[in-house]
Structures are given as structure tokens and as C-alpha cells.
Amino acid sequence: MTEETSARRHPDGIIIALDGPAGSGKSSTARAVARHLGYRHLDSGAFYRAITLAAMQAGIPPDAWPSLAPETLDRLDVHGRPSDEGYALSVAGREVSAEIRAPEVNAHVSRMAAVGAVREWLMDALREAGARGGLVADGRDIGTVVFPDAELKVFLVADPDERARRRLREHGLAEPDDEEVRGEAARLQGRDETDSTRAVAPLARAPDAVTLDTTRLEFEAQVLEIVRLAKARGG
Ligand code: CDP
């Protein structure tokens with residue numbers, strides 16, 4: 001697609017969809033790519049995390065999540081407000097960007113994300129964020145369901161042990177031992193299993209996505225590779 005046609009489709013630039021399994025580095029990569037291009041970053045996982053946190057804080061037990069009504073979801077008061085580079089998540093007016101990364105949320109979020117009504121409830125907010133383009137969105141179903149017409153789709157993969165090491169490093173454990181790596185890899189793979197096998201919008205590679213294996217790639221190299229692909233498509 002030429003720059004001109006893409007500009008007509010989305011006035012602020014192209015849409016880049018970045019999907020992949022847990023801990024594959026989607027969010028940090030998406031944030032850095034957005035910064036390079038002067039685009040906004042939409043971390044869709046943060047929205048599922050905020051809904052999960054809000055339901056847990058409201059005392060709604062996981063068994064009741066599959067029957068959550070849109071009105072109940074409205075009352076949970078979850079909002080993503082455009083911030084400098086992305087979206088700041090709040091629950092009942094309180095900023096929750098750090099809390100949504102807690103182990104309790106990690107352990108429950110895939111269960112919430114499997115609920116079709118929850119995904120539907122979120123869809124308008126996610127699509128609205130992309131209405132003008134100039135967006136790097138990351139998640140599980142961005143290239144397949146949320147923005148199937150994204151100009152660039154990338155599917156990020158990496159070995160489970162490497163993903164686990166990166167995730168542990170992020171949480172301040174610079175040199176994890178083998179047992180810690182195995183434990184974290186099992187947790188990530190458990191989430192991938194739930195995300196890939198659910199009935200609604202499962203984790204999947206879009207047929208027209210570029211697969212990027214980051215196991216042996218430096219962070220900056222993977223960012224620059226996606227920026228290069230984006231520029232080739234009018235970004
Ligand atoms: O950063 P990490 O890979 O650990 O996960 P995340 O992107 O924050 O997503 C957390 C969870 O939200 C995932 O495990 C999925 O269950 C769900 N999710 C989803 O179902 N669809 C998306 N587009 C994004 C996240």
C-alpha cells in the first residue's frame with residue numbers, strides 16, 4: 001500500500017498489530033516502536049488485567065465471571081484514558097498501572113479474558129483507540145479480531161525459558177536459578193494454553209502476520225526490525 005492510500009485510511013498513520021504468547025516482549029516492544037514512530041501505544045492486555053483486578057476488588061468470584069452482564073462491567077468503572085504515549089488504566093477513578101501486574105492478576109486474567117461478553121464490552125474502546133491510526137496495539141487477537149485490516153501484523157515468539165528469564169528480570173530477579181525459570185515458564189505456558197484454546201478470539205497468528213522469533217535477538221534489534229517493516233508499509 002502506498003503512503004497516500006494508508007494516510008487516507010487512517011489520518012494519523014498506520015495501525016501495527018503485535019500479537020504473541022505471554023512474556024514474548026510484546027508490550028515493551030510495542031511501546032518502543034510507538035516511540036520511534038511518534039505513535040500511541042495500546043496495551044490491550046492492560047485492559048483485561050484492569051477488569052480482572054476490578055472484579056476481584058469488587059468481590060465477584062471467578063465462577064460468576066462467565067455471566068457478567070454489561071451493566072455490571074460498567075459499574076466496575078474501568079477506564080483507559082489517553083496519556084502521553086499510551087493509555088492510563090484506572091478503576092473507580094484510581095490509577096492501577098502497577099497493581100494490574102500483580103501475581104494474583106496474572107493467575108486470573110486468562111479466565112476473565114475467555115469471557116465473550118467481556119471481550120465484546122471492551123471492543124468499542126479498543127477500536128475507538130485505533131480510529132485515527134498512528135497506533136501500535138499489542139495483545140492476542142489484535143491482528144485477527146480487533147484490527148484485522150491493520151497495515152502491519154507481527155507475531156512475536158520466543159522460547160519459553162527465555163520468556164521466563166525476561167519476565168523474572170523485569171520483576172527484579174537478575175539471575176534466577178533453574179527452578180525459578182522452570183516455575184515461571186510453566187506459569188506462562190499455562191496462560192498460553194488457556195488463551196490459545198478458548199472459544200472466543202483465541203491467541204492466534206493472523207495468516208498475513210510476519211513471525212519474529214526474538215529468542216536470540218537483542219531488544220533494540222527487534223524494535224528496529226518492526227520500525228523498518230512499518231516504514232515499508234507507510235508508517
Ligand atoms: O504481558 P503478558 O504477555 O504477560 O500479558 P498481557 O498482554 O498483559 O495479557 C494478559 C492476559 O490478557 C493474557 O494472558 C490474555 O488472557 C488476555 N488478553 C487477551 O485475551 N486478549 C488480548 N488482546 C490481550 C490480552
Side-chain angles (χ1 to χ4, degrees), residues 15-32 41-56 62 65-66 68 78 80 86-89 96-127 129-130 135-148 150 153-160 162-171 183-206 209 212 214 219 222:
I15 292 186
I16 302 170
L18 222 65
D19 290 302
S24 54
K26 300 174 302 289
S27 291
S28 40
T29 305
R31 195 176 314 119
H41 170 216
L42 175 70
D43 174 359
S44 66
F47 285 73
Y48 290 100
R49 288 172 175 276
I51 296 171
T52 306
L53 177 74
M56 289 181 353
W65 295 353
L68 276 175
V78 173
Y87 290 81
L89 271 300
V96 292
S97 303
E99 266 171 89
I100 58 174
R101 310 280 156 198
E104 267 290 276
V105 177
N106 286 342
H108 289 91
V109 62
S110 288
R111 216 161 150 185
M112 182 63 88
V115 179
V118 168
R119 307 195 72 84
E120 212 170 289
W121 184 84
L122 249 188
M123 192 61 87
D124 284 352
L126 298 182
R127 292 218 170 115
L135 189 77
V136 187
D138 76 277
R140 303 292 185 288
D141 62 338
I142 303 299
T144 50
V145 175
V146 183
F147 297 122
K153 301 178 186 179
V154 179
F155 197 72
L156 277 190
V157 295
D159 283 355
E162 180 56 25
R163 291 193 269 135
R165 264 186 230 102
R166 289 176 187 166
R167 188 44 59 96
L168 290 167
R169 265 202 303 274
E170 254 171 43
H171 288 279
E184 184 62 20
R187 281 189 290 276
L188 294 177
Q189 283 180 295
R191 196 136 59 83
D192 292 345
E193 173 72 15
T194 312
D195 291 342
S196 313
T197 54
R198 69 182 175 221
V200 198
L203 161 65
R205 178 189 173 282
L212 196 59
T214 71
F219 181 73
Q222 77 202 32

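One-based numbering along the sequence shown. In listed order, ligands and their atoms are each counted from 1.
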CG on Asp141 to CG on Asp195, rounded to 0.5 Å: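 It comes to 9.5 Å.
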Partners passing side chain to side chain contact (heavy atoms under 4.5 Å, CB included) against Thr194 (at least two apart in sequence or in another chain):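 Thr194 satisfies side chain to side chain contact (heavy atoms under 4.5 Å, CB included) with Ser110 once adjacent residues are dropped.
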Qualifying residues under side chain to side chain contact (heavy atoms under 4.5 Å, CB included), relative to Met56, sequence neighbours excluded: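 By the side chain to side chain contact (heavy atoms under 4.5 Å, CB included) rule, Met56 matches Thr52, Trp65, Glu104, Val105, His108.
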Check: Arg166/Thr214 side-chain N/O donor and acceptor closer than 3.5 Å: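 Yes - a donor-acceptor pair under 3.5 Å links their side chains.
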Protein residues having a heavy atom less than 4.0 Å from any atom of ligand 1: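 Correct list: Ala22, Gly23, Lys26, Ser44, Gly45, Tyr48, Arg49, Arg101, Val109, Ser110, Ala113, Arg119, Gly139, Arg140, Asp141, Arg167, Arg191, Asp195, Arg198.
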Pairing residues for Lys153 by the salt bridge (charged side-chain N to carboxylate O under 4.0 Å, His left out) criterion, not counting sequence neighbours: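 Salt bridge (charged side-chain N to carboxylate O under 4.0 Å, His left out) check on Lys153 returns Asp208.
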Closest contact, heavy atoms only, Asn106 versus Arg49: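 Distance-wise, the nearest heavy atoms are OD1-NH1, 2.8 Å.
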